[in-house]
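The structure under discussion appears below in the form of structure tokens.
The figures that follow rest on heavy atoms only: side chains count, while hydrogens, waters and symmetry mates do not.
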Amino acid sequence: MLTLTGKHIYLRALEPEDLDFVHSIENNEEVWEVSSTQTPYSRFLIKQYLENAHLDIYEAKQLRLMICSKKNTTTLGLIDLFDFNPMHNRVGVGILIAENQYKGQGYGTEALSLVIKYCNTHLRVHQLYANISEDNRDSVKLFEKQGFKKVGVKKDWNLINGEYKDELLYQLIYVH
């Protein structure tokens with residue numbers, strides 16, 4: 001699909017072979033803060049999730065895509081569309097580059113750019129939004145670089161390691 005293919009990466013649907021990768025991400029306590037996860041996921045539950053990943057975004061209200069290198073097909077991370085609301089033409093977006101060795105190389109920027117184009121072309125959404133922890137400077141920079149604007153601050157929104165943190169709300173509104 002041309003919309004999901006960039007210069008250095010491509011985005012693809014989940015496959016059964018992604019079980020180990022998704023299991024490791026979902027059980028990595030270092031990223032639980034961004035996903036609001038509080039408990040580990042079993043391989044069985046991840047396998048069930050992958051088996052249902054074929055559901056249409058209009059039915060599931062979410063879509064997870066794998067970020068892969070065009071050079072060697074290595075899985076670099078994932079990008080999620082969530083809380084899809086076709087009535088109001090909006091969807092949330094979140095992104096995760098899995099390994100530090102892949103961060104800062106433009107893969108997140110390219111993946112987000114492809115998803116922005118996909119959401120405009122295929123989903124015809126009016127807006128994308130992202131919830132970003134106040135101290136996640138890399139994500140703030142990434143989303144701002146792609147034209148997202150900070151439109152609000154949710155005060156003391158998340159309790160992380162005994163400390164309340166603000167969460168920033170970013171939006172990208174398409175001008176048609």
Legend entry - Residue pair Val93, Phe148: steps toward the side-chain contact (heavy atoms from CB on, under 4.5 Å) verdict: CA-CA 11 Å; Val93 61; Phe148 282 72; 4.1 Å; yes
Inset, instruction - Please report the shortest heavy-atom distance between Leu55 and Ala60, naming the atom on each side. - result: CB-CB, 4.0 Å
Inset, instruction - Report the distance from atom CG of Leu76 to atom OH of Tyr107, rounding to the nearest 0.5 Å. - result: 6.0 Å
Legend entry - Leu172 reachable from Val153 in the ILVMFWY side-chain graph, under 4.5 Å edges: yes
Inset, instruction - Could you tell me whether the side chains of Asn85 and Lys61 share a donor-acceptor contact shorter than 3.5 Å? - result: no
Legend entry - Inter-residue atom distance His23.NE2 - Leu45.CG, 0.5 Å rounding: 9.0 Å
Inset, instruction - Taking atom NZ of Lys149 as the centre, report whether more than 12 heavy atoms of other residues, nucleotides or ligands fall under 6.0 Å from it. - result: no
Inset, instruction - Would you check if Asp80 and Gln62 make a side-chain contact, meaning some heavy-atom pair closer than 4.5 Å? - result: no
Inset, instruction - Compare all side-chain heavy atoms of Gln171 with those of Gln127 and state whether any distance is below 4.5 angstrom. - result: yes
Inset, instruction - Verify, without hydrogens or angle tests, whether Thr75 (side chain) and Gly77 (backbone) share a donor-acceptor contact under 3.5 angstrom. - result: no
Legend entry - Heavy-atom check, side chain of Arg12 versus side chain of Cys68, under 4.5 Å: yes
Inset, instruction - For the pair Asp18 and Arg64, find out whether any cationic side-chain nitrogen is under 4.0 Å from an anionic carboxylate oxygen. - result: no
Inset, instruction - Could you walk me through whether Asp135 and Lys165 pass the salt bridge (Lys or Arg N to Asp or Glu O under 4.0 Å) test, one step at a time? - result: CA-CA 8 Å; Asp135 57 357; Lys165 291 186 179 182; 2.7 Å; yes
Inset, instruction - Kindly indicate whether the side chain of Asn89, heavy atoms from C-beta on, has any atom under 4.5 Å from the side chain of Arg124. - result: no
Inset, instruction - Answer yes or no: is there a side-chain heavy-atom contact under 4.5 Å between Lys7 and Glu110? - result: yes
Inset, instruction - Give the cluster check for Val140 versus Ile79: same hydrophobic cluster or not, with ILVMFWY residues linked at side-chain heavy-atom distances below 4.5 Å. - result: yes
Inset, instruction - Check the pair Cys119, Val91 against side-chain contact (heavy atoms from CB on, under 4.5 Å), reporting the backbone distance first and the verdict last. - result: CA-CA 9 Å; Cys119 288; Val91 66; 4.1 Å; yes
Inset, instruction - Considering non-hydrogen atoms only, spot the tightest contact between Ala98 and Ile25 and give its length. - result: CB-CD1, 3.8 Å
Legend entry - Connected via hydrophobic side-chain network under 4.5 Å: Leu96 and Tyr129: no
Legend entry - Distance in Å, Asp156 CG paired with Glu167 CD, rounded so as to fall on 0.5 Å steps: 12.0 Å
Inset, instruction - Indicate yes or no: at least one non-hydrogen side-chain atom of Phe84 is less than 4.5 angstrom from one of Val125. - result: yes
Inset, instruction - Determine yes or no for a side-chain-to-main-chain donor-acceptor pair under 3.5 angstrom, with Arg90 supplying the side chain and Met87 the backbone. - result: no
Inset, instruction - Please say which of Leu114, Leu65, Thr73 ends up in a side-chain contact (heavy atoms from CB on, under 4.5 Å) with Tyr10. - result: Thr73
Inset, instruction - Report the C-alpha distance between Tyr58 and Leu123 in whole Å, list the side-chain angles of each, state the deciding distance to 0.1 Å, and finish with yes or no for side-chain contact (heavy atoms from CB on, under 4.5 Å). - result: CA-CA 9 Å; Tyr58 288 89; Leu123 299 180; 4.3 Å; yes
Legend entry - Minimum side-chain heavy-atom gap Leu128-Tyr170 below 4.5 Å: no
Legend entry - Polar side-chain atom of Ser24 near backbone of Phe21 as donor-acceptor pair, under 3.5 Å: yes
Inset, instruction - May I ask you to check whether over 12 heavy atoms, not counting those of Lys150, lie within 6.0 Å of atom NZ? - result: no
Inset, instruction - Verify whether one side chain among Asn136 and Ser139 offers a donor that lies under 3.5 Å from an acceptor in the other. - result: yes
Inset, instruction - Kindly work out whether a path of hydrophobic side-chain contacts (I/L/V/M/F/W/Y, heavy atoms less than 4.5 Å apart) joins Leu169 to Leu142. - result: no
Inset, instruction - Decide whether Leu19 and Leu78 are clustered together by the hydrophobic rule: side chain heavy atoms of Ile, Leu, Val, Met, Phe, Trp, Tyr closer than 4.5 Å, transitively. - result: yes
Inset, instruction - Working to the nearest 0.5 Å, report the span between CE of Met66 and CG of Leu4. - result: 14.0 Å
Inset, instruction - Could you tell me which non-hydrogen atom of Gln146 sits nearest to which non-hydrogen atom of Thr109, and how far apart they are? - result: NE2-CG2, 3.1 Å
Inset, instruction - Quick one: pull up CD1 in Ile116 and OH in Tyr174 and give me the separation to the nearest 0.5 Å. - result: 6.0 Å
Inset, instruction - Enter the distance from Asp166:CG to Ile132:CD1 here, rounded to the nearest 0.5 Å. - result: 13.5 Å
Legend entry - Derivation of the side-chain contact (heavy atoms from CB on, under 4.5 Å) call for Thr74 and Tyr102: CA-CA 10 Å; Thr74 300; Tyr102 303 131; 3.3 Å; yes
Inset, instruction - Compare all side-chain heavy atoms of Leu112 with those of Phe143 and state whether any distance is below 4.5 angstrom. - result: yes
Legend entry - Crowding at NZ, Lys47 (>12 non-hydrogen neighbours, <6.0 Å): no
